[in-house]
Amino acid sequence: MRQIDDWIAGGGKSLEAPSAAFVSPLPPIPRQHLGSRPEPERRFRLLELVRRVLRERRYSPRTEKAYIQWIRRYIIANDRRHPSDLSEVDVARFLSSLALEAHVAAATQNQALAAITFLYSNVLLRPLARIEGIAPSRRPRRLPVVLTQREIRAVLHHLTDPYQLCAKLMYGSGLRVTECLRLRVKDVDLERREIVVRSGKGEKDRRTPLALACVGPLRDLIAHEQRRFALDRAAGVITTGLSEALSRKYPGMELDWRWQYIFAARRTFVLSDGRRARHHLHETVMQRMFVAAVRGSEIAKRATCHSLRHSFATHLLESGADIRTVQELLGHTDVRTTMIYTHVLNRGGLGVRSPGDDL
């Protein structure tokens, strides 16, 4: 019977653990000196193999984290059995339990299906057949929360820098919160008033305009970060988020000013190799500050940081911008994703004029 990962088996013994009844007086022989054919794939546990394949296929860290979580949950739900011993019936039962017992959203159920499909197709090399009998989660149609410019000004009044500047960029350039916080010095052109979003959702790059109201505060923040960067460089503090391939191609880029975060964190931390590094502000910090500002503004809407991106798209369409242009600025692959903003234009329900206006 195949051995499950230590985290699943609850700390069971390894297959290579020596027997308690026999202790060899000689040092252990290396695996490569054994007579049998070496099998390097057995050195990796199941989740290690999943991470390896995900990184080989250039999946994002957030996708990797989500897929690992769903694969772990799938195995535990099936009495910790190895996935290769399970069938499509077990997959269907697990997905149906998410909808019937856990009452998850349709997008959550689809993410779990994608993770399990990836496991069987790319890791176990046993693609799943067509799965029948899955109880699907209902996918209700939700309209995005859009703030008016008066409400946005009220929220910005309750924020202080750098959180206020981050909110201005999310509204003025249509950025996601992670895209804003990961901006580096080289990605902002103050003269052309342009921002280049690197490795956005779907690993896509795009260009978006920089609002004139953000140029001055952004220039001041960059000047402040440059003074702190001089101290960090003298102390050997590096930046994060750079791949090993880029570091090999451009040695010393961790200490290059162009690659520093604009919204850098205040504190540094120690890496596994002993070097100190400075990350960007965490997105949860910005999200908490924004929710507190919305609450302080007494706005009766369930607004989040992403509402600023929704407001950016809606106000552009209200001003007469072409929907294809808005699609490019938002980085949407399909124009149907952008079409949802045509239903929230400030022209009444479905964009028509109410007959009650003539009373």
Side-chain angles (χ1 to χ4, degrees), residues 1-17 31-32 37-99 101-102 104-132 134 136-137 178 182 199-204 240-248 271-273 279 282-283 333:
M1 184 176 179
R2 302 185 181 183
Q3 183 186 18
I4 312 301
D5 301 340
D6 290 346
W7 58 267
I8 298 177
K13 294 183 179 180
S14 173
L15 290 176
E16 300 178 1
R31 177 182 289 271
Q32 60 268 25
R37 169 179 277 184
E39 297 179 350
E41 65 274 7
R42 287 195 176 183
R43 298 178 183 177
F44 298 100
R45 302 172 184 171
L46 177 62
L47 292 188
E48 291 175 345
L49 283 173
V50 174
R51 290 190 180 94
R52 185 184 181 90
V53 177
L54 283 168
R55 293 172 185 178
E56 287 175 352
R57 297 175 180 268
R58 302 296 190 271
Y59 280 74
S60 68
R62 296 167 69 93
T63 304
E64 176 184 327
K65 181 180 179 181
Y67 278 22
I68 292 295
Q69 174 189 355
W70 281 117
I71 293 172
R72 178 187 290 115
R73 187 168 172 177
Y74 167 66
I75 296 175
I76 294 177
N78 287 280
D79 299 327
R80 305 178 186 274
R81 296 163 61 193
H82 198 279
S84 59
D85 297 332
L86 303 174
S87 63
E88 287 77 5
V89 177
D90 301 295
V91 176
R93 183 170 56 249
F94 171 71
L95 295 175
S96 297
S97 67
L98 294 179
E101 300 173 11
V104 301
T108 305
Q109 189 185 46
N110 290 336
Q111 186 185 66
L113 175 59
I116 297 173
T117 303
F118 180 88
L119 169 67
Y120 281 96
S121 299
N122 301 292
V123 180
L124 301 179
L125 302 180
R126 198 199 80 188
L128 293 172
R130 183 177 179 84
I131 302 176
E132 302 289 349
I134 300 178
S137 296
T178 53
R182 292 175 184 173
S199 299
K201 190 174 182 179
E203 291 297 315
K204 295 177 293 187
T240 62
L242 303 178
S243 64
E244 295 183 3
L246 275 176
S247 300
R248 288 193 302 266
L271 299 175
S272 58
D273 56 4
H279 200 49
H282 201 271
E283 54 267 22
T333 302

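Computed from a prediction, not measured in an experiment: that's the story for all the values here.
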Requested in this report: Go through the structure and list residues passing side-chain contact (heavy atoms from CB on, under 4.5 Å) with T240, not counting sequence neighbours.
Outcome: Y261, F269, A277, H279
Query raised in the report: Can you list the residues that meet the side-chain contact (heavy atoms from CB on, under 4.5 Å) rule with T333, with sequence neighbours excluded?
Result: K204
Starting at [atom1] of [X], measure out to [atom2] of [Y] and round the result to the nearest 0.5 Å.
X    : Y    : atom1 : atom2 : answer
N78  : R80  : CG    : CZ    : 11.5 Å
T63  : K201 : OG1   : NZ    : 9.5 Å
T117 : W70  : OG1   : CH2   : 13.0 Å
R58  : S199 : CZ    : OG    : 12.0 Å

What heavy-atom pair brings [X] and [Y] nearest, and what distance separates the two atoms?
X    : Y    : value
E48  : R45  : OE1-N, 2.9 Å
N122 : L125 : O-CD2, 3.8 Å
R57  : F118 : CD-CE1, 3.9 Å
S87  : D90  : N-OD2, 2.9 Å
E88  : L128 : OE2-CA, 3.6 Å

Query raised in the report: Taking only residues two or more places apart in sequence, or in another chain, which ones meet R62 in a salt bridge (charged side-chain N to carboxylate O under 4.0 Å, His left out)?
Result: E283
Query - Qualifying residues under salt bridge (charged side-chain N to carboxylate O under 4.0 Å, His left out), relative to E56, sequence neighbours excluded - result: R52
Report task. Indicate the ring-plane relationship of Y59 and Y67, choosing parallel, tilted or perpendicular according to the 30° and 60° boundaries. Result -> tilted
Requested in this report: Identify, with sequence neighbours excluded, every residue that meets ring-ring contact (aromatic ring centres under 6.0 Å, His included) alongside H282.
Outcome: none
Report task. List for me each residue that meets ring-ring contact (aromatic ring centres under 6.0 Å, His included) alongside Y120, sequence neighbours excluded, and say none if there are none. Result -> none
Short question: side chain of [X], backbone of [Y] - any donor-acceptor pair under 3.5 Å?
X    : Y    : value
R81  : L86  : no
Q109 : V104 : no
S96  : R93  : no

**Report entry** Close side-chain approach of L98 and Y74, heavy atoms under 4.5 Å
**Finding:** no
Requested in this report: May I ask you to test the R72-V50 pair for a side-chain heavy-atom distance under 4.5 Å?
Outcome: no
Requested in this report: Evaluate the side chain to side chain contact (heavy atoms under 4.5 Å, CB included) criterion for residues L119 and L46: first the C-alpha distance (whole Å), next the side-chain angles of each, then the deciding distance (0.1 Å), finally the verdict.
Outcome: CA-CA 10 Å; L119 169 67; L46 177 62; 4.2 Å; yes
**Report entry** I71 vs L47, side chain to side chain contact (heavy atoms under 4.5 Å, CB included): CA-CA, chis, key distance, verdict
**Finding:** CA-CA 8 Å; I71 293 172; L47 292 188; 4.0 Å; yes
